[in-house]
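Each remark here refers to the structure printed beneath this line.
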Amino acid sequence: MFVRRSVRTVCAGALGALALSVAAPPVTAAPVPVGAAVQDGPAVQDGSVVRDGPAVQDGPAARTDRLTVTVADSGAPGTDGSFELSCHPAGGGHWAAQEACDRLDGMTRWGRDTFAPEATAGPAGAMCTTMYGGPATARITGTWAGRPVDAAFSRSDGCEIARWDRLVPLLPAPVS
């Protein structure tokens, strides 16, 4: 009786493992090419490779981050207007394309929005000084690190001034 029950238990366990291995295909991670851009969601552009999970784009277009920077009332010569910026490789009509791309690359962290405003007033937030940094405004739209960007900037208080200054040379340096 004892032997029979043990054999039955072992057989049931083996059959269960066999059923799981047949029902669920093995999980394998496809290698991601070095330098490929990883995006959330399915890939729909030419040259895209769709795998389980994030989409990986192969080829030169996969590495291009594109932003449109629109600046008004900066006071800095040649920086007001709309400018295209491409990174990886750097290009476009931006006044400091390579420097701006390098700055953004240095600021980009997984799980953190590079263009988000700082947390303001509150127990965990920052208190913003009521200093005025001038009439300059900017808007950045496009795609950075595979994510959509639509961010507005001003120099209306201490927090916004610090946010703007972190993005120089993507945004123009303040003019004294």
Side-chain angles (χ1 to χ4, degrees), residues 29 32-45 47-74 76 79-174:
V32 176
V34 174
V38 177
Q39 298 178 330
D40 289 336
V44 293
Q45 298 176 0
S48 297
V49 179
V50 178
R51 299 185 175 112
D52 291 337
V56 177
Q57 291 184 332
D58 297 321
R63 297 199 46 176
T64 304
D65 293 307
R66 298 178 192 276
L67 298 171
T68 300
V69 180
T70 304
V71 180
D73 302 320
S74 70
T79 61
D80 283 359
S82 285
F83 302 90
E84 297 297 318
L85 173 67
S86 298
C87 295
H88 313 115
H94 189 275
W95 60 89
Q98 185 63 58
E99 293 83 1
C101 292
D102 291 345
R103 178 70 182 135
L104 287 171
D105 282 338
M107 294 177 62
T108 302
R109 301 287 180 267
W110 182 258
R112 182 168 177 252
D113 183 354
T114 304
F115 303 94
E118 294 293 316
T120 56
M127 297 297 288
C128 298
T129 59
T130 55
M131 60 194 294
Y132 179 67
T137 59
R139 183 167 181 195
I140 301 172
T141 58
T143 303
W144 181 256
R147 298 192 177 273
V149 174
D150 189 356
F153 296 84
S154 70
R155 298 183 60 80
S156 60
D157 63 33
C159 292
E160 287 296 307
I161 292 169
R163 182 174 170 232
W164 181 294
D165 289 349
R166 271 193 313 277
L167 288 171
V168 170
L170 176 64
L171 296 176

I need the [X] [atom1] to [Y] [atom2] distance, nearest 0.5 Å.
X	Y	atom1	atom2	result
H94	E99	NE2	CD	9.5 Å
C87	R103	SG	CZ	13.0 Å
C101	L85	SG	CG	4.0 Å
T137	F153	OG1	CZ	11.5 Å

Polar side-chain atom of D157 near backbone of T130 as donor-acceptor pair, under 3.5 Å: no

Pairs involving residues 127-146, ordered by first then second residue, that meet salt bridge (charged side-chain N to carboxylate O under 4.0 Å, His left out) (sequence neighbours left out): R139-D150

Listed by chain and number, what are the side-chain hydrogen bond (donor to acceptor under 3.5 Å, both in side chains) partners of [X], not counting sequence neighbours?
X	answer
D73	none
T114	none
Q98	D102
S74	T79, D80

Residues T143, L67; criterion side chain to side chain contact (heavy atoms under 4.5 Å, CB included); working and verdict: CA-CA 6 Å; T143 303; L67 298 171; 5.9 Å; no

Taking every non-hydrogen atom, the tightest pair across V69 and V71: CG1-CG2, 3.8 Å

For S82 against T70, the heavy-atom pair lying closest together: OG-OG1, 2.9 Å

Show me, pair by pair, the donor-acceptor contacts under 3.5 angstrom made by side chains of residues 162-173, not counting sequence neighbours?
from: R163; atom 1: NE; to: F115; atom 2: O; distance (Å): 3.4
from: R163; atom 1: NH1; to: A152; atom 2: O; distance (Å): 2.8
from: R163; atom 1: NH1; to: E160; atom 2: OE1; distance (Å): 3.1
from: R163; atom 1: NH2; to: F115; atom 2: O; distance (Å): 2.7
from: R163; atom 1: NH2; to: A152; atom 2: O; distance (Å): 3.3
from: W164; atom 1: NE1; to: P172; atom 2: O; distance (Å): 2.8
from: D165; atom 1: OD1; to: R155; atom 2: NH1; distance (Å): 2.9
from: R166; atom 1: NH2; to: E118; atom 2: OE2; distance (Å): 3.0

Side chain to side chain, W144 and L104, heavy atoms closer than 4.5 Å: yes

